[in-house]
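I have placed the structure first, in the form of structure tokens, so that the comments after it can refer back to it.
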Amino acid sequence: MGQTNRSSVPEFILLGFSSQPGMQLLLFAVFLAIYLAILFENSLIFVLIRIDSHLHMPMYFFLANLSFLDISYTTITVPQMLLHLLSKEKNISYIGCIIQMYIFLSLGITECILYAVMAYDRYVAICHPLHYTLIMSRSVCVKMAASSWVGGFFFAMVHTGITMRLPYCGPNEIKHFFCEVPAILKLACADTRVTEVVVFVMGVILLMTPVFLILVSYVFILVALRISSAEARLKAFSTCTAHITMVTLFCGTAVFMYMHPASSYSPERDKYFSFFYNVVCALLNPLIYSLRNKDVKGALVKLMGKK
């Protein structure tokens with residue numbers, strides 16, 4: 001019966017942001033400009049870190065991973081959203097919806113874990129500066145980054161499987177611009193209470209565990225900075241502030257999306273929150289974290305000077 005119900009909905013309809021033709025053209029222009037800016041900024045950061053030997057350090061290695069993540073994270077949703085803004089056909093196949101949900105969750109979970117890894121990197125750099133290169137060796141950094149990716153894709157498989165095991169027999173209109181878990185669950189033709197509890201618990205584990213580890217890292221950092229020089233405190237504060245800002249923006253909105261009660265779900269409100277942590281954070285990441293950094297700006301000036 002479950003399989004029959006699933007086969008009765010071969011596709012979903014993504015309603016997106018607006019059904020007014022004039023507004024759709026305006027949204028297309030705005031979202032296209034944002035997406036191109038995301039591609040440019042994050043590609044620039046990724047290339048600079050790859051080609052400049054002065055940036056071949058653990059912090060920038062993780063930043064390169066973050067830039068690649070942001071490019072991938074937005075590419076899985078924004079091009080389709082742009083296409084739907086120009087087309088009368090706003091459908092996505094059942095399989096396509098599963099794939100999009102899985103990849104989106106994989107990249108999102110990976111980014112959360114990576115933020116925790118980056119906080120640990122700052123902890124080692126500030127609290128154990130003499131042993132920093134030994135502790136954060138190249139092989140250790142690669143293993144930590146790889147673990148973030150593997151963890152993201154593994155937990156997303158569980159998350160997606162729990163969501164899509166439910167029968168979906170209609171209606172098939174998703175009040176969202178992509179296949180996100182809370183919006184999909186609203187279309188299930190079965191009691192979703194158990195699934196919603198499982199999704200909530202997974203949200204607590206996958207979102208709050210990295211946030212907790214980040215907080216612990218910064219507690220140790222604050223303790224260490226109390227006995228540091230004013231110059232060292234200023235340098236550490238600059239780097240840590242950027243990291244805390246991005247963690248707050250990304251994880252804060254993601255926590256709201258995946259950890260609020262199902263009864264308070266609001267399609268209009270929630271899709272804007274999704275747009276913020278999916279698209280706006282990817283736009284702000286390079287501006288807040290990388291392009292304000294002295295070393296990155298120096299690498300950019302050097303690259304422009306060569307050209």
Side-chain angles (χ1 to χ4, degrees), residues 9-44 69-105 107-108 111 163 168 170-188 245-246 248-288:
V9 179
E11 63 182 20
F12 293 102
I13 308 298
L14 293 167
L15 298 181
F17 284 99
S18 175
S19 58
Q20 301 176 10
M23 184 60 70
Q24 286 183 332
L25 289 175
L26 176 61
L27 289 175
F28 175 83
V30 172
F31 293 161
L32 177 61
I34 292 174
Y35 181 57
L36 292 177
I38 290 170
L39 293 182
F40 174 75
E41 290 174 356
N42 286 284
S43 298
L44 177 62
L69 264 172
D70 284 338
I71 292 172
S72 306
Y73 200 51
T74 52
T75 299
I76 197 64
T77 59
V78 176
Q80 181 191 58
M81 177 179 65
L82 293 173
L83 180 63
H84 286 177
L85 285 170
L86 295 181
S87 173
K88 292 182 179 179
E89 299 291 331
K90 303 179 187 298
N91 58 302
I92 180 172
S93 68
Y94 181 85
I95 298 300
C97 189
I98 294 176
I99 293 172
Q100 184 184 58
M101 181 188 296
Y102 172 65
I103 297 176
F104 180 82
L105 286 171
L107 298 173
E111 186 153 339
T163 303
Y168 295 92
N172 67 338
E173 291 185 343
I174 305 173
K175 296 179 180 180
H176 213 302
F177 62 95
F178 73 99
C179 293
E180 190 168 33
V181 172
I184 290 290
L185 284 177
K186 284 297 177 183
L187 302 182
T245 301
M246 290 316 308
T248 303
L249 292 176
F250 182 83
C251 294
T253 48
V255 164
F256 176 83
M257 280 298 301
Y258 284 87
M259 291 179 59
H260 66 65
S263 58
S264 66
Y265 174 75
S266 170
E268 288 301 317
R269 179 197 62 200
D270 287 7
K271 67 184 175 184
Y272 286 104
F273 272 96
S274 296
F275 182 81
F276 186 87
Y277 78 78
N278 177 209
V279 179
V280 176
C281 286
L283 177 68
L284 296 178
N285 241 339
L287 298 175
I288 294 175

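Worth knowing before you read on, the calculation uses all heavy atoms, side chains too, and leaves out hydrogens, waters and symmetry mates.
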**Asked** Considering residues at least two apart in sequence or located in another chain, which fulfil the side-chain contact (heavy atoms from CB on, under 4.5 Å) criterion with I13?
**Response** E11, L15, K90, N91, N172, E173

**Request:** State which residues pass side chain to side chain donor-acceptor pair (under 3.5 Å) with E111; sequence neighbours excluded, sorted by chain then number.
**Result:** Y115

**Item:** side-chain contact (heavy atoms from CB on, under 4.5 Å) between L86 and L25, intermediate numbers included
**Value:** CA-CA 7 Å; L86 295 181; L25 289 175; 4.0 Å; yes

**Message:** Do F178 and F275 have side chains that approach each other closer than 4.5 Å (heavy atoms only, starting at C-beta)?
**Reply:** no

**Message:** According to disulfide bond (SG atoms under 2.5 Å apart), who are the partners of C179, at least two apart in sequence or on a separate chain?
**Reply:** C97

**Request:** Tell me, please, which residues at least two apart from F177 pass ring pair (Phe, Tyr, Trp, His ring centres under 6.0 Å).
**Result:** F17

**Residue list, side-chain contact (heavy atoms from CB on, under 4.5 Å) with I76, at least two apart or on another chain** = Q100, I103, F104

**Complete:** The side chain to side chain donor-acceptor pair (under 3.5 Å) partners of T75 (sequence neighbours excluded) come to Y35

**Message:** side-chain contact (heavy atoms from CB on, under 4.5 Å) for F250 and N278? Distances and angles first, verdict last.
**Reply:** CA-CA 8 Å; F250 182 83; N278 177 209; over 6 Å; no

**Set of side chain to side chain donor-acceptor pair (under 3.5 Å) partners for T253, sequence neighbours left out** = none

**Prompt:** ring pair (Phe, Tyr, Trp, His ring centres under 6.0 Å) with F273: which residues, sequence neighbours excluded?
**Reply:** F256

**Message:** Going by the rule disulfide bond (SG atoms under 2.5 Å apart), which residues pair with C251 if we only count those two or more places apart in sequence or in a different chain?
**Reply:** none

**Message:** Which residues pass the side-chain contact (heavy atoms from CB on, under 4.5 Å) test with A254, not counting sequence neighbours?
**Reply:** L207

**Request:** List for me each residue that meets side chain to side chain donor-acceptor pair (under 3.5 Å) alongside T163, sequence neighbours excluded, and say none if there are none.
**Result:** none

